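Model, not experiment: these values are computed from the prediction.
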Amino acid sequence: MEKIGMRKGLVLNLISNLMFFISGYLIHYYLGGHTSAAAYGVVGTIITVLDFEYMFTSNGARQSLARNISSGKFNVVDVIVKTFAFQAIIVAVFFAINFFGAPVFGMIFNDSSLDFYFKLAAFLPISNGLYVMMLGINDGLQRFQYSAFLATFYPIVKLGVIPLIIFVFPHDPVMGVEVGYFSAMMITIVLGLALLVPIWPKLRVSGTNRIGFGEVSHGVLSFSFFFIMASLVLSADTLVVKSVVEPDSMAGYYTGAMNFGKTTYYLLQAFAVIILPVVSGLITNGKAEEASRKAQSLVLVAFGFIFPMAVVISATSRDLLSTFYKPAFTVAAPALSCLALSSFFMGMTVIFNMVLNAEKDTRFSDILSIVSLALVIPIFVVSAKFGGITAIAAASMVSTFIVMTLSYLEVRRRMMNLMTVRTWKVIGINVGVWVALFAISHVMTVENFLILAALYVVIYAVYVGLLFAAKVVDIDLLKSLKKPKDQAASQ
């Protein structure tokens, strides 16, 4: 079974996540420009609820598969079969919630048209549950090139949503989105199964130990509750805006801000996908110091190369919304400034907790999830009622910063210090970049999206050059992400 190094796996997964949100941007660009703000808000509501459910059917099974397979303790086929069985139970629950609870969603969000759309959406968690099983199996086998390929293929096929809306569902874009998403997932699932066929005989003889169904269910649920917390913090605000804030157009504007705000969270998922099986495998083999070095390098790369994206989006939110959508969307600029940072903070929270869960001790993550689930909705509702979309975005940013900080402190207390001196220097540089860009954006205005995108590229290039010139990052850092020679030889 072919495995690849952490660095190559990280690059491939970054590319797949990049394609994911690029395709999402194109779809949102079309919807935001060709539908009313109120209609766009309906699409945003449907997608937000599905994102929330995907966290239960996606990350729980995927991360549990990755950890249990990469540990090398169990028969791989046994792990896959039992994880699939538990995944089927979860999928059935969400199908019932969406299909039979559709009228309730319509009442909650004050829109009776949502009834039909939620019944149709009931089939999407089924396809998503199977899709992420393909990804988790390849992650656990450290065949990152295959999981990255599937995760790149899916968003490309998903772009079929746009012609579907144009030619088949011109008067019902929501149905076009749902049909397009379901079709893209089913095509990707068939391809994923085909890629597993050649190695299936080897997996059947991978080991004799059987994993208990209770251990599988606990692992899946633990990861699911954690990611549901992450999704709730990042997505529930959109639902609260739809329910509480008037007029209806504000939901559309907030959806536009959220579209860009989640950029870095999606990119950081590539780090989470890599760091769990790699650190888990090293710890299982008694290589704690090497696991620490790998984790520190990944965290430095995350802050060095992903954090500036959140900083740039946050500091230039007004020009970004105005040029990508319409000038009217600038009402959500302060919200986007907060959401861009909020998504990065939550992405780092995920990374820190994946390091913690590499030891199979999920108590901290479980407690963090329960407390967050209990507090975040009331905080969002109060913020939205008294401060509108800006206040709720600020509440999201503060909440994610707190959970990120608590997660980092727990990793440092229990396992290792993931923040090196160079990482703190990178954070200081990014603070300076945010202040400079925020000041410039309030003096100069960019009115063309292509020009703004070109400026982003120039700013990022200058920033990366500064990091290398100041020797905050160097080639040795990137080399440290490669597999050790002895490990490569053993494979």
(request) Name all residues meeting the ring-ring contact (aromatic ring centres under 6.0 Å, His included) criterion together with F449; count only those two or more places apart in sequence or in a different chain, and write none if there are none. (result)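 Expected list: F324.
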
Can you see which heavy atom on [X] is nearest to which on [Y], and at what distance?
{"X": "I313", "Y": "F260", "result": "CD1-O, 4.0 Å"}
{"X": "L267", "Y": "M309", "result": "CD1-SD, 3.3 Å"}
{"X": "T264", "Y": "A310", "result": "CG2-N, 3.6 Å"}
{"X": "H442", "Y": "R318", "result": "CA-NH2, 3.6 Å"}
{"X": "L336", "Y": "A257", "result": "CD1-O, 3.2 Å"}

Contact between [X] and [Y] at the side-chain level, heavy atoms closer than 4.5 Å - yes or no?
{"X": "W434", "Y": "F307", "result": "no"}
{"X": "F344", "Y": "I306", "result": "yes"}
{"X": "M175", "Y": "F116", "result": "yes"}
{"X": "Y154", "Y": "L150", "result": "no"}
{"X": "V350", "Y": "L268", "result": "no"}
{"X": "L406", "Y": "I402", "result": "yes"}
{"X": "E410", "Y": "N353", "result": "no"}
{"X": "F123", "Y": "E178", "result": "no"}

(message) Please evaluate residues N128 and L124 with respect to the criterion side chain to side chain contact (heavy atoms under 4.5 Å, CB included), reporting the C-alpha separation (whole Å), side-chain torsions for both, the decisive distance (0.1 Å), and the verdict.
(response) CA-CA 6 Å; N128 185 71; L124 286 168; over 6 Å; no

(request) Could you walk me through whether Y254 and L339 pass the side chain to side chain contact (heavy atoms under 4.5 Å, CB included) test, one step at a time? (result) CA-CA 10 Å; Y254 197 81; L339 292 174; 3.5 Å; yes

Can you list the residues that meet the side chain to side chain donor-acceptor pair (under 3.5 Å) rule with [X], with sequence neighbours excluded?
{"X": "Y456", "result": "T316"}
{"X": "S399", "result": "none"}
{"X": "S337", "result": "S317"}
{"X": "T323", "result": "none"}

(message) Does F95, at its CZ atom, have more than 12 non-hydrogen atoms belonging to other residues, nucleotides or ligands within less than 6.0 Å?
(response)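 Buried by this count: over 12 neighbours within 6.0 Å.
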
Would you find a donor on one side and an acceptor on the other, under 3.5 Å apart, between the side chain of [X] and the backbone of [Y]?
{"X": "S183", "Y": "G180", "result": "no"}
{"X": "Y117", "Y": "A102", "result": "no"}
{"X": "S64", "Y": "A61", "result": "no"}
{"X": "S314", "Y": "V311", "result": "no"}
{"X": "T349", "Y": "M404", "result": "yes"}

(request) Report the relative orientation of the aromatic rings in F401 and F345; use parallel for angles under 30°, tilted for 30 to 60°, perpendicular for over 60°. (result)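 If you compare the ring of F401 with that of F345, the planes turn out perpendicular.
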
(request) Please work out whether the ring planes of F468 and F305 are parallel, tilted or perpendicular, with thresholds of 30° and 60°. (result)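 Rings of F468 and F305: tilted, as their planes differ by 30° to 60°.
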
(request) With side chain to side chain contact (heavy atoms under 4.5 Å, CB included) as the test, would you mind laying out the steps for D115 and K119 before giving the verdict? (result) CA-CA 7 Å; D115 189 337; K119 287 184 177 178; 3.5 Å; yes

Name the atoms and distances for all side-chain donor-acceptor pairs under 3.5 Å in residues 155-169, with sequence neighbours left out.
none

(request) Take T400 and S342, measure what side chain to side chain donor-acceptor pair (under 3.5 Å) needs, and give me the verdict at the end. (result) CA-CA 6 Å; T400 53; S342 176; 3.2 Å; yes

(message) Pair Y181, M185 - check side chain to side chain contact (heavy atoms under 4.5 Å, CB included), show working.
(response) CA-CA 6 Å; Y181 281 19; M185 280 185 183; 5.6 Å; no

(request) State the CD1-CG distance between I137 and L195, to the nearest 0.5 angstrom. (result)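 Output value for this atom pair is 11.5 Å.
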
